[in-house]
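First comes the structure, then the notes that go with it.
Starting from 1, each residue takes its place in the sequence as its number. We count ligands from 1, going down the list as the structure has it; atoms in each ligand are counted the same way.
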Amino acid sequence: MAVLVCGGAGYIGSHTVRQLLKAGEEVIIADNLSKGHRAAINPDVKFYECDIRDKGALKKIFAENKIEAVFHFAAYIEAGESVELPLKYFNNNVYGMQILLEAMTECGIDKIIFSSTAAVYGEPEKIPIAEDDATFPVNPYGDSKLIMEIMMRRVSAAQGVRFVSLRYFNASGASEDGSIGEDHHPETHLIPLVLQVPLGKRDHITIFGNDYPTPDGTCIRDYIHVLDLADAHICALNYLRGGGASNFFNLGSGQGFSVKEIIDAAEKVTGQKIKKELGARRAGDPARLIASSDKARKILKWAPQFDDIEKIISTAWNWHTSHPNGYGD
Ligand code: UFG
């Protein structure tokens with residue numbers, strides 16, 4: 001039987017496809033290529049260009065293939081944009097989940113592994129953040145992912161679809177051979193933006209605020225390598241195969257790095273001085289986000305391999321230097 005990866009042409013989806021293939025799984029990709037890249041699709045994998053909101057297209061995939069489980073990466077992810085365009089997020093993310101769950105239940109597919117986010121917590125009540133801490137998202141993106149979790153929980157209780165929701169902290173890095181990596185349009189994430197300075201594509205990096213209650217005044221985040229995230233999805237699949245109940249897990253390294261520390265680490269990795277300027281705070285940025293991933297380590301038997309921020313940044317640097325224009329699409 002195969003697994004269906006919705007959003008398999010995107011950043012985390014494409015790395016997960018690669019790890020699934022390495023683990024010997026049969027993989028099928030569905031992606032509407034609105035954010036994903038054709039060049040990120042493994043040529044050996046059967047690909048359906050389709051939208052997650054198209055139930056007919058999903059049911060065709062389920063009819064033409066024996067699908068054991070669905071991996072759902074096909075959502076919009078920009079918190080800032082979601083504040084301006086909330087309905088765009090509710091349509092693709094929430095309505096997309098509605099259609100996917102309808103298609104799955106109508107076709108008897110009973111396992112889903114979902115790409116959730118630390119954004120479901122909003123401003124955290126304590127650090128490190130645990131899965132049963134309060135969830136109060138501070139933007140429509142976080143709202144949409146929390147609603148998607150609620151939908152899975154209710155459908156799980158009523159119709160027996162089991163899910164694993166993986167709440168990622170700051171996904172970063174790229175495949176070690178530099179063949180696939182991060183390519184967002186527009187790019188909003190810190191590490192790729194910092195690396196654009198030594199790549200000559202950006203004059204400086206703007207630090208969004210240095211008056212946060214942190215040791216150097218800049219925001220602290222928990223950066224987790226994309227291949228470690230990908231591996232967690234395989235652990236989640238095996239957990240569900242072993243009869244595991246529907247569950248939520250944080251995925252982070254448990255270590256926090258400030259914006260300034262990321263820039264310093266990027267200078268070491270690239271061997272270049274990176275020009276920085278101080279800017280205003282970005283709305284909706286919590287001062288510190290650090291995960292407790294004890295639950296994933298214990299229950300999913302997940303063991304992240306990348307525990308060194310310079311190593312993580314060096315994989316991103318390898319990707320960006322070998323693909324200065326990303327996938328070029
Ligand atoms: N930052 C800068 N300058 C920049 C870009 C970012 O100082 O040019 C700062 C941000 O203010 C933040 C940190 O770098 O303090 C990290 O920012 P990112 O945009 O890379 O990541 P976020 O922590 O904002 O967002 C990540 C995911 C989101 C998810 C969120 C959950 O990318 O999808 O975590 O909290 F919603």
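Here the options are Glu102, Glu64, Glu106, the test is salt bridge (charged side-chain N to carboxylate O under 4.0 Å, His left out), and the partner is Lys59; only Glu106 passes.
For Arg241 and Glu68, the salt-bridge test passes: some basic side-chain N is under 4.0 Å from an acidic carboxylate O. Look at Asp133 and Lys126 and you find a salt bridge, because one of the NZ, NE, NH1 or NH2 atoms lies within 4.0 Å of a carboxylate O, short of that distance.
For ligand 1, the atoms sitting less than 4.0 Å from at least one non-hydrogen atom of Asp285 are 10 (C), 11 (O), 12 (C), 15 (O), 24 (O), numbered in the order shown with element in parentheses. Near Leu289, with a cut-off below 4.0 Å to any heavy atom, the atoms of ligand 1 are 35 (O). Annotation for ligand 1: atoms under 4.0 Å from non-hydrogen atoms of Ile77 are 33 (O). Annotation for ligand 1: atoms under 4.0 Å from non-hydrogen atoms of Tyr223 are 16 (C). If you number the atoms of ligand 1 from 1 as listed, the ones under 4.0 Å from a heavy atom of Thr188 come out as 5 (C), 19 (O). Numbered from 1 in the order shown, with element, the atoms of ligand 1 that lie under 4.0 Å from a heavy atom of His189 read 19 (O), 20 (O), 32 (O). Residue-ligand proximity, Cys219 to ligand 1, at heavy-atom distances under 4.0 Å covers atoms 15 (O). Counting the atoms of ligand 1 from 1 in the order shown, those under 4.0 Å from a heavy atom of Ile207 are 7 (O).
The side chain of Ile205, and not its backbone, has at least one atom closer than 4.0 Å to an atom of ligand 1 (non-hydrogen atoms only; side chain from C-beta on).
Of all protein heavy atoms, the one lying nearest to atom 29 (C) of ligand 1 is Thr117 OG1, 3.6 Å. The shortest contact between atom 20 (O) of ligand 1 and any protein heavy atom is with Leu190 N, 2.7 Å. When only non-hydrogen protein atoms are considered, atom 4 (C) of ligand 1 lies nearest to Phe208 CE1, 3.3 Å.
Looking at ligand 1, you'll find an N or O of Arg221 within less than 3.5 Å of one of its N or O atoms. In terms of N/O distances under 3.5 Å, ligand 1 is not approached by Phe169.
Not a single heavy atom of Phe257 sits less than 4.0 Å from an atom of ligand 1.
You'll find the side chain of Ile180 reaches within 4.5 Å of the side chain of Arg18, heavy atoms only. Taking the side chain as every heavy atom from C-beta outward, Ile299 and Phe249 approach each other to under 4.5 Å.
The aromatic rings of His72 and Phe114 lie tilted to each other, with the angle between the two planes from 30° to 60°.
Ring-centre distance between Phe248 and Phe163: below the 6.0 Å cut-off. Two rings, from His233 and Tyr168, have their centers less than 6.0 Å apart. For Tyr327 and Trp319, the distance between ring centers is under 6.0 angstrom.
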